[in-house]
**Student:** 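Dropping a structure here in structure tokens format, bear with me for questions.
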Amino acid sequence: MAERSLRGMRIGANSLETDDNVVFVDRQQVKYRCKNGHEFGVAMAVDAEVPTAWTCRCGVEAELIEGEGVDDRKPPKPVRTHWDMLLERRNEDELKVLLEERLELLREGKLRLRRNR
């Protein structure tokens with residue numbers, strides 16, 4: 001019964017809504033170029049903030065060709081070393097005490113050095 005009631009209609013393929021009485025916003029074509037030489041345009045609203053960078057279809061970041069844009073890129077995170085992460089958990093005085101404790105255990109023979117074979 002359900003198959004017959006949906007005959008002739010592809011579900012999800014076509015919308016039953018029309019564009020009647022719909023006012024579209026004014027648009028502008030913004031052009032970008034990536035390092036690989038691809039040039040493409042993106043349709044945006046006239047009053048939208050235009051970003052200075054857009055991702056190209058090849059995955060490379062493309063730059064705005066002409067005009068001014070808003071730089072909305074995130075600043076790169078500073079590199080955190082092992083030492084930086086260690087200092088987030090302990091201060092240098094605590095680390096000196098731990099080092100002395102481990103060296104003492106090593107000198108007494110209670111701690112063995114690991115050797116990779």
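Positions are given from 1, in the same order as the sequence printed here. What you are looking at is a predicted structure, and each value in this text was computed from that prediction instead of being measured.
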**Student:** Taking atom CD of E66 as the centre, does the number of heavy atoms from other residues, nucleotides or ligands within less than 6.0 Å exceed 12?
**Tutor:**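 For E66, atom CD is not crowded (no more than 12 foreign heavy atoms under 6.0 Å).
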**Student:** Excluding sequence neighbours, so at least two apart, what forms salt bridge (charged side-chain N to carboxylate O under 4.0 Å, His left out) with E92?
**Tutor:**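 None.
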**Student:** Taking the hydrophobic residues Ile, Leu, Val, Met, Phe, Trp and Tyr, and joining any pair whose side-chain heavy atoms are under 4.5 Å apart, which ones share a cluster with F40?
**Tutor:** V30, Y32, V42, M44, V50, W54, L64
**Student:** Starting from I65, walk the hydrophobic network (Ile, Leu, Val, Met, Phe, Trp, Tyr; side-chain heavy atoms closer than 4.5 Å) and list everyone else you reach, by chain and number.
**Tutor:** none
**Student:** Mind checking what makes salt bridge (charged side-chain N to carboxylate O under 4.0 Å, His left out) contact with K77, not counting sequence neighbours?
**Tutor:** none
**Student:** Check this for me: E49, atom CD, are more than 12 non-hydrogen atoms of other residues, nucleotides or ligands nearer than 6.0 Å?
**Tutor:**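 Count not over threshold, so no.
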**Student:** Walk me through whether K110 and E104 qualify under side chain to side chain contact (heavy atoms under 4.5 Å, CB included).
**Tutor:** CA-CA 9 Å; K110 295 179 180 177; E104 188 62 34; over 6 Å; no
**Student:** Let me confirm one number: the CG-CZ distance from L95 to R89, rounded to the nearest 0.5 Å.
**Tutor:** 9.0 Å
**Student:** Tell me whether K35 is salt-bridged to E63, with the criterion being a basic N under 4.0 Å from an acidic carboxylate O.
**Tutor:**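 Answer for the salt bridge query: no.
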**Student:** Is there a side-chain contact between L98 and E101 in this structure, where contact means two heavy atoms from C-beta onward sitting under 4.5 Å apart?
**Tutor:** yes
**Student:** Distance from L103 atom CG to E108 atom CD, nearest 0.5 Å?
**Tutor:**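 If we round to the nearest 0.5 Å, L103:CG and E108:CD are 11.0 Å apart.
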**Student:** Between the side chain of E100 and the main-chain N/O of V97, is any donor-acceptor distance below 3.5 Å?
**Tutor:** no
**Student:** Nearest heavy-atom pair of Q28 and A45: which atoms, and what distance?
**Tutor:** NE2-O, 3.4 Å
**Student:** Does N36 use its side chain to pair, donor to acceptor, with the backbone of H38 at less than 3.5 Å?
**Tutor:** no
**Student:** Once salt bridge (charged side-chain N to carboxylate O under 4.0 Å, His left out) is applied, do any residues pair with R33, and if so which ones, sequence neighbours excluded?
**Tutor:**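 Residues passing salt bridge (charged side-chain N to carboxylate O under 4.0 Å, His left out) with R33: E39.
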**Student:** Would you mind listing the cluster partners of V60? Hydrophobic ones only (ILVMFWY), side-chain contacts under 4.5 Å, chaining allowed.
**Tutor:**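 Listed partners: none, V60 stands alone.
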**Student:** Mind checking the CD-CZ spacing from Q29 to R27? Nearest 0.5 Å is all I need.
**Tutor:** 9.5 Å
**Student:** For V79 and D84, which heavy atoms make the closest approach, and how far apart are they?
**Tutor:**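 Heavy atoms only, the tightest pair is O-OD2, 3.9 Å.
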